[in-house]
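Residue numbers start at 1 and run along the sequence shown.
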Amino acid sequence: MKKLLIVGVVAMGAVAAQAGVYGDVPDAKHAWAVHDRNRPNPVKVTANPGQVPSDAKLLFDGTVDSFTRNWQHKKTDRKADWQVVDGAMQSVKGAGYIQTKDAFGDCQLHIEWASPSKVEGLGQGRGNSGVFLMGSYEIQVLDSYETDPSKDPNPNPNYADGQASAVYAENPPLVNASRKPGEWQTYDIVFHQPIWKDGKMVWPGSVTVFHNGVLTQDHWEMEGLTTHCNRRPLAPHATRLPLEFQDHGNPVRFRNVWIREIPSRYANTTHGGPAAKEEDVMALRRKTADQLFKKIDTSKMDAPTLAALMEVVSYAKEGVWKDEFLKHAFAYRDWVKTLDAKAQDARRGEITDLKRICNKLQKGGVLPPNCTLAAALGDICTKKGWKVR
């Protein structure tokens, strides 16, 4: 045992720095440790300034072909008579709503739009259109540039929950970030749909809106389906539905429309959040434990092997994983007690590293408070006055 342990000292620091022995260990709601190096990294997305992210679907690029390929009349048996003019798709009075041919759910949506440069009408009659998420939740498009309550009289009076970037009929924007009529404006929207289970609402969903880069809706939780004048309660619907643009009789233009589908927070059942399921968490922990265990040469009775096995049991302490850990733990415990003062000093890093891991596992309930390995390591550290990170 002693000879083999000496061989393994050099690798100890690298092994001990691994995921399950570095941060707080997995638990009933978290399949991964804090700062877990076994946790998969996110996929790479190219996102250059002013360009469409590489994982986004471009819904309109300024061409007739793009419009024809991606958009149709809301009444699918009718022709979509919106016009494509100078790289923009433009609403035509009486042409009706258009919708995407594809259906979407939770999403990040980018839209550029412009109200007519020729100003006509007031309030809801001035450059009116709308972005209908899933055909049910409207973010208002409107010429609200002159809507200014600081002036008396207000140059363009309107109801607050109906001006640009309002969640229509529900929530006014935090501020009015509108540009002049005819100028291009941007909406960047993050939308999460309501969640239903067995006919009961679990969560009402939310929408966040940046209007020309300014936050105007801050994680607003939906109160109902969009309507006019009357409140219409939320109700279950399909989890994927088309995106709609409104024809309200004004020649509003749209360009550079793209969408990224994003996961619902309720799709995450393995790491924190409101939908964490202990059975899903444990299944992933067992999978990780098994993958790590297969990489370990358990014939080596050294400190790096013990640290690797401690990482395994931080995910799942059962069966062969537990048996191998206990075998190595008891062997190391018995061996470390035989070291004289000089030998202990030579292995200070190894001993304090293993003690630190024990502390993490005891804190997480993986090792019992009376763990004899932890006690043996602790005795040495206390006598030597060594601080354990």
Polar side-chain atom of Gln108 near backbone of Val190 as donor-acceptor pair, under 3.5 Å: no
Worked verdict on Val92 versus Asp81 for side chain to side chain contact (heavy atoms under 4.5 Å, CB included): CA-CA 7 Å; Val92 175; Asp81 286 328; 5.6 Å; no
Minimal non-hydrogen separation, Thr227 against Ala169, with atom names: O-CB, 3.6 Å
For Trp82 against Gly96, the heavy-atom pair lying closest together: NE1-O, 2.9 Å
Pro368 backbone acceptor or donor facing Gln362 side chain under 3.5 Å: yes
Thr147 vs Asn154 side-chain heavy atoms within contact, under 4.5 Å: yes
Thr305 side chain to Met301 backbone, donor-acceptor under 3.5 Å: no
Parallel, tilted or perpendicular: ring planes of Tyr22 versus His35, cut at 30 and 60 degrees: tilted
Side-chain (Asn212) to main-chain (Gln185) donor-acceptor, under 3.5 angstrom: no
Exercise: do Asp61 and Thr63 side chains pair donor with acceptor under 3.5 Å: yes
Pair Glu311 + Arg37, salt bridge at N-O below 4.0 Å: no
Minimal non-hydrogen separation, Ile351 against Gln344, with atom names: CD1-O, 4.0 Å
Evaluation steps, ring-ring contact (aromatic ring centres under 6.0 Å, His included), between Tyr137 and Phe191: CA-CA 10 Å; Tyr137 311 96; Phe191 169 72; 5.5 Å; yes
Side-chain heavy atoms of Gln193 within contact of His237, under 4.5 Å: yes
Any donor-acceptor pair under 3.5 Å from Thr226 side chain to Ser136 backbone: yes
Heavy-atom side-chain proximity of Pro263 to Asn268 below 4.5 angstrom: no
Check: Asn359/Lys355 side-chain N/O donor and acceptor closer than 3.5 Å: yes
Hphob cluster co-occupancy, Phe210 + Trp258, side-chain heavy atoms under 4.5 angstrom: no
Residue pair Glu350 / Tyr332, side-chain donor-acceptor N/O under 3.5 Å: yes
Side chains of Thr100 and Trp71 in contact at under 4.5 Å (non-hydrogen atoms): yes
Close side-chain approach of Asp188 to Leu109, heavy-atom, < 4.5 Å: no
Criterion side chain to side chain contact (heavy atoms under 4.5 Å, CB included) on Met310 and Phe325, from CA distance to verdict: CA-CA 7 Å; Met310 293 169 83; Phe325 162 69; 3.5 Å; yes
Ser54 side-chain N/O to Thr46 backbone N/O, donor-acceptor pair under 3.5 Å: yes
Residue pair Glu279 / Met282, side-chain heavy-atom distance below 4.5 Å: no
Pro204 to Met222 - nearest heavy-atom pair and separation: CB-O, 3.3 Å
Interatomic distance, Leu133 atom CG to Glu138 atom CD [nearest 0.5 angstrom]: 9.5 Å
Side-chain donor-acceptor contact under 3.5 Å, Asp379 with Thr382: no
Electrostatic pair Arg240-Asp102, nearest N-O below 4.0 angstrom: no
Heavy-atom check, side chain of Gln217 versus side chain of Thr208, under 4.5 Å: no
Val209 and Trp220: CA distance, side-chain angles, deciding distance, side chain to side chain contact (heavy atoms under 4.5 Å, CB included) verdict: CA-CA 9 Å; Val209 180; Trp220 173 256; over 6 Å; no
Hydrophobic cluster membership, Val175 vs Tyr159, 4.5 Å side-chain cutoff: no
Nearest heavy atoms of Val207 and Ile189, plus distance in Å: CG2-CG2, 3.7 Å
Carboxylate-amine/guanidinium contact Asp290 Lys287, below 4.0 Å: no
Side chains of Ser115 and Tyr145 in contact at under 4.5 Å (non-hydrogen atoms): no
Criterion side chain to side chain contact (heavy atoms under 4.5 Å, CB included) on Trp196 and Val202, from CA distance to verdict: CA-CA 5 Å; Trp196 298 82; Val202 176; over 6 Å; no
Ring centers of Phe60, Phe254 separated by less than 6.0 Å: no
Main-chain N/O of Asp148 paired with Asn176 side-chain donor or acceptor, under 3.5 Å: no
Parallel, tilted or perpendicular, as decided by the 30° and 60° cut-offs, for the rings of His30 and His271: perpendicular
Sidechain-backbone polar pair: Lys29 side chain, Val281 backbone, donor-acceptor under 3.5 Å: no
Co-membership, hydrophobic cluster, residues Leu326 and Leu373, 4.5 Å side-chain: yes
Interatomic distance, Thr352 atom OG1 to Arg347 atom CZ [nearest 0.5 angstrom]: 13.0 Å
Side-chain donor or acceptor of His328 paired with backbone N/O of Lys300 under 3.5 Å: yes
Shared hydrophobic cluster, Met134 / Tyr266 (ILVMFWY, side-chain heavy atoms < 4.5 Å): no
Which atom of Gly127 lies closest to which atom of Asn250, heavy atoms considered: N-OD1, 3.5 Å
Candidate pair Tyr97 and His73, rule ring-ring contact (aromatic ring centres under 6.0 Å, His included), full reasoning: CA-CA 6 Å; Tyr97 288 40; His73 197 283; 8.7 Å; no
Lys75, NZ: over 12 other non-hydrogen atoms inside 6.0 angstrom: no
Distance in Å, Met89 CE paired with Thr68 OG1, rounded so as to fall on 0.5 Å steps: 11.5 Å
Gap separating the CZ atom of Phe132 from the OH atom of Tyr168, nearest 0.5 angstrom: 8.5 Å
Tyr187 and His211 aromatic ring geometry - parallel, tilted or perpendicular at 30°/60° bounds: perpendicular
Pair Glu223 + Arg231, salt bridge at N-O below 4.0 Å: no
Neighbour count above 12 (heavy atom, 6.0 Å) for Lys277 NZ: no
Polar side chain donor-acceptor pair, Asn158 to Gln163, under 3.5 angstrom: no
Heavy-atom donor-acceptor pair, Arg39 side chain to Ala33 backbone, under 3.5 Å: no
Salt bridge present between Glu318 and Arg286 (N-O < 4.0 angstrom): yes
Residues Asp247 and Ser91: side-chain donor-acceptor under 3.5 angstrom: yes
Nearest-0.5 Å distance that lies between atom CZ in Arg285 and atom OG in Ser314: 7.5 Å
Spacing of Trp321 atom CH2 and Ile296 atom CD1 [to the nearest 0.5 Å]: 11.5 Å
Ile259 with Leu241, same ILVMFWY side-chain cluster at under 4.5 Å: yes
